[in-house]
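Each remark here refers to the structure printed beneath this line.
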2 protein chains.
Amino acid sequence: MSDVAFPRLDTRVLADDGNELRFCSTCAFSQACLDQGMDKAALGELHVLVEHVGPFRAGDHIFREGDPFEAIAAVRAGTVKTYVVDRDGHEHVHGFHLPGEVIGLNAIDGDRYPCNAIALDTVMLCRFSFPKISVLATRLPGLQRQLFRLLSRDIGRAALLAGDWSADQRMAAFLVGISRRLAARGFSATRFQLTMPRTDIANYLRLAPETVSRVLRRLQEDGILSVERRELELLQPDRLEALAAPILRD
Amino acid sequence: MSDVAFPRLDTRVLADDGNELRFCSTCAFSQACLDQGMDKAALGELHVLVEHVGPFRAGDHIFREGDPFEAIAAVRAGTVKTYVVDRDGHEHVHGFHLPGEVIGLNAIDGDRYPCNAIALDTVMLCRFSFPKISVLATRLPGLQRQLFRLLSRDIGRAALLAGDWSADQRMAAFLVGISRRLAARGFSATRFQLTMPRTDIANYLRLAPETVSRVLRRLQEDGILSVERRELELLQPDRLEALAAPILRD
DNA sequence: TAGGCGCCTTGACTTGAGTCAATCTCTGAC
DNA sequence: GTCAGAGATTGACTCAAGTCAAGGCGCCTA
């Protein structure tokens with residue numbers, strides 16, 4: 001997947017020495033650090049820590065449960081699914097990570113990845129050695145602050161779907177969540193692809209795949225959205241948001 | 001609630017100047033920092049940041065949703081419940097925090113507390129100004145590491161109950177969790193008080209209070225535990241752990 | 001173009017947990 | 001000691017979502 005497909009994912013900063021630093025702005029770190037007014041020298045230091053890895057193909061594992069934890073990574077392109085497999089062989093999907101989002105934060109405590117991460121399509125990553133970024137964070141308060149924020153945000157996110165919501169509410173919250181996250185990175189908020197199979201959506205939402213199917217049909221019959229295989233269009237985002245409001249709390 | 005009631009909650013460290021530093025070892029920070037071999041000078045710096053607050057009485061709020069975030073706190077004694085109230089007036093319990101556990105971490109991102117915290121019984125806290133502890137963390141890598149770990153741990157914890165587990169499994173996981181957390185602080189793993197009403201347990205586990213009642217009765221009939229109002233004894237902890245195993249993943 | 005294979009959808013039936021309503025049991029106030 | 005009220009328990013009924021089974025659709029390969 002070439003850079004050309006994602007023209008808005010790059011940010012240029014003119015360094016003091018006149019050279020141009022180029023960041024993929026999907027990296028939550030660099031973008032957010034920029035937003036927080038981190039100075040150019042600091043950005044330069046962060047820059048040299050980034051290791052661009054990929055492409056991973058659909059089905060490739062990025063890390064597996066039990067692997068020693070060494071790095072966190074920002075998704076640059078594609079979708080990453082994190083999941084665990086219980087002793088009965090059942091898969092439990094923890095989340096989907098879209099461009100700009102960070103994976104591996106839940107591995108800091110324990111020194112090993114507590115889950116698997118797999119590419120759902122062609123995935124590019126920005127990898128940051130955690131020991132190195134920790135050391136850097138002791139010198140750059142803005143970076144430390146950003147790391148604390150990212151971690152704190154994930155605590156809240158994990159709690160959202162834990163409630164006893166109806167199948168419709170769960171699906172609505174899922175779709176609104178994806179829509180907003182894509183929009184935050186400059187993609188369309190109303191037309192997008194579901195990059196994961198129905199079984200994964202069902203598993204993530206703790207529903208049966210049949211229920212996912214039925215809920216999507218209902219939403220389509222109500223004129224709220226239009227769905228054709230994995231192609232999705234939100235026709236009445238406001239009604240979907242209304243459904244999701246109790247979960248998303250806004 | 002006097003210190004005398006909790007003889008094992010204090011740790012003494014002889015500082016280089018010969019003075020004795022006294023920590024409440026329930027403070028996840030100081031205890032864990034000790035465990036990680038943080039040096040005495042660093043512990044001393046941490047020490048002066050601690051602000052002991054309380055007692056809070058049952059029903060007192062420690063913070064409310066929307067309050068400006070200023071500090072995180074370790075529970076020193078008692079039980080703290082965190083919860084939100086949705087627009088329909090329904091309460092959603094996020095968690096119960098026992099001695100040694102830290103509250104407020106999910107407020108770092110957003111600068112305001114995203115939930116309410118209320119004392120379920122008599123509560124004592126160790127409060128740490130977050131701006132100050134952040135600054136200190138830039139000088140003490142062990143402290144920064146500990147903060148990252150605490151945050152990371154909470155991400156994993158929030159994900160546990162999110163699965164679609166049966167009422168029995170949820171209840172088992174809840175009781176095993178409390179048992180282990182109390183044992184880690186030196187309390188009995190098999191006899192303890194449920195410091196919260198059934199309605200709060202039900203709400204936390206996303207069950208109806210009636211279901212909580214029925215599940216406890218079933219577990220008692222099976223000889224797994226004995227429960228009398230809020231007094232609880234685990235008679236066959238191994239069978240309870242077996243029930244909870246799929247959730248706790250161990 | 002035919003065949004095979006995932007993935008998805010649909011319908012019929014089942015069930016675990018919620019809801020509603022009645023009763024019980026502590027506890028604390030007077 | 002008695003009463004009131006909150007919290008907890010129990011039973012009867014309901015329903016949302018799961019399970020099971022069958023069939024459809026799109027896509028890849030030969």
Side-chain angles (χ1 to χ4, degrees), chain A residues 57-59 79 81 88-93 118 120-121 161-175 193-222 225-232 243 246-247, chain B residues 57-59 79 81 88-93 118 120-121 161-175 193-222 225-232 243 246-247:
Chain A
R57 302 277 157 206
T79 312
K81 174 179 87 171
D88 302 331
H90 296 126
E91 187 172 310
H92 297 254
V93 176
I118 194 172
L120 288 179
D121 46 17
L161 275 175
D164 61 339
W165 312 106
S166 73
D168 293 44
Q169 288 175 313
R170 282 171 192 277
M171 179 59 72
F174 173 67
L175 294 177
Q193 267 214 20
L194 298 173
T195 48
M196 66 296 288
R198 297 284 192 274
T199 48
D200 281 347
I201 299 177
N203 193 313
Y204 174 63
L205 297 177
R206 317 301 165 190
L207 299 171
E210 294 92 333
T211 305
V212 168
S213 206
R214 285 188 254 261
V215 169
L216 283 176
R217 176 159 54 87
R218 254 199 315 268
L219 293 175
Q220 185 159 32
E221 284 167 1
D222 289 352
L225 54 77
S226 155
V227 59
E228 169 85 32
R229 271 184 88 63
R230 298 197 180 176
E231 220 57 54
L232 196 131
L243 256 176
I247 302 188
Chain B
R57 301 279 159 205
T79 311
K81 174 180 88 171
D88 302 331
H90 296 126
E91 189 172 310
H92 297 254
V93 175
I118 193 172
L120 288 179
D121 46 17
L161 274 175
D164 61 340
W165 312 105
S166 73
D168 293 45
Q169 288 175 313
R170 281 171 192 277
M171 179 58 71
F174 172 67
L175 294 177
Q193 269 213 21
L194 298 173
T195 49
M196 65 296 287
R198 297 284 193 273
T199 48
D200 281 347
I201 299 178
N203 193 313
Y204 174 63
L205 297 177
R206 318 300 166 192
L207 300 171
E210 294 92 332
T211 304
V212 167
S213 207
R214 286 187 253 262
V215 169
L216 283 176
R217 176 160 54 87
R218 253 197 315 267
L219 293 175
Q220 184 159 33
E221 284 167 1
D222 290 352
L225 54 77
S226 155
V227 59
E228 169 85 31
R229 274 186 84 66
R230 299 199 180 175
E231 221 56 54
L232 196 130
L243 256 176
I247 302 187

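We name chains A, B, ... by the order of the sequence lines, and we start the count at 1 in each one.
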Exercise. Between A:Arg214 and A:Glu210, is there a salt bridge with N-O shorter than 4.0 Å?
Worked result: no
For this session: State which of D:dG18, C:dC20, C:dG18 makes the closest approach to the side chain of B:Glu210.
Result: C:dC20
For this session: Send over the distance from A:Ile201 CD1 to C:dC7 P, rounded to a whole Å.
Result: 13 Å
Exercise. How long is the line joining CH2 of B:Trp165 and C1' of C:dG16, in whole Å?
Worked result: 16 Å
Exercise. Between atom CZ in A:Arg198 and atom P in D:dG24, what is the gap in whole Å?
Worked result: 19 Å
Exercise. Considering heavy-atom distances to DNA chain D, does A:Ser166 or B:Pro209 have its closest nucleotide positioned more toward the 5' end?
Worked result: B:Pro209
Seminar exercise, completed: Among D:dA21, D:dA8, D:dA17, the one nearest any side-chain atom of B:Ser213 is D:dA8
Exercise. A:Ala202 and A:Ala208: which non-hydrogen atoms are nearest, and at how many Å?
Worked result: CB-C, 3.7 Å
Exercise. Does B:Thr211 make a side-chain N or O approach to OP1 or OP2 of C:dG18 shorter than 4.0 Å?
Worked result: yes
Problem set entry | 5'-most by nearest nucleotide on DNA chain C - A:Leu216 or A:Asp164 | A:Leu216
Problem set entry | Spacing of B:Met171 atom CE relative to D:dA8 atom P, expressed in whole Å | 12 Å
Exercise. For B:Thr195, does its backbone N or O pair with a side-chain atom of B:Asp121 as donor and acceptor, under 3.5 Å?
Worked result: no
Exercise. Any N or O donor-acceptor pair linking the side chain of B:Arg214 to the base of C:dT19 at under 3.5 Å?
Worked result: yes
Problem set entry | d(CD, B:Glu231; C1', D:dA8) in whole Å | 16 Å
Exercise. For atom CD of B:Glu228, is the number of surrounding heavy atoms from other residues, nucleotides or ligands below 6.0 Å larger than 12?
Worked result: no
Problem set entry | Rounded interatomic separation in angstrom, taking CG from B:Asp168 and P from C:dG18 | 12 Å
Exercise. Among C:dG18, C:dC20, C:dT10, which is the nearest nucleotide to the side chain of B:Ala208?
Worked result: C:dG18
Exercise. Any idea which heavy atoms bring B:Leu161 and B:Arg170 closest together, and the distance?
Worked result: O-NH1, 3.2 Å
Exercise. What's the CE-P distance between B:Met196 and D:dG7, to the nearest Å?
Worked result: 15 Å
Problem set entry | Presence of donor-acceptor pair under 3.5 Å, side chain of B:Glu228 and base of C:dC26 | no
For this session: Give the nucleotide from the list C:dC20, C:dT27, D:dG18 with an atom nearest to the side chain of B:Arg229.
Result: C:dT27
For this session: Using atom CG of B:Leu207 as one end and atom C1' of D:dA8 as the other, report the distance to the nearest whole Å.
Result: 16 Å
For this session: With heavy atoms under 4.0 Å as the rule, sort B:Arg170 into base, sugar-phosphate or nothing.
Result: nothing
Exercise. Are OP1 or OP2 of C:dT10 and a side-chain N or O of A:Arg217 less than 4.0 angstrom apart?
Worked result: yes
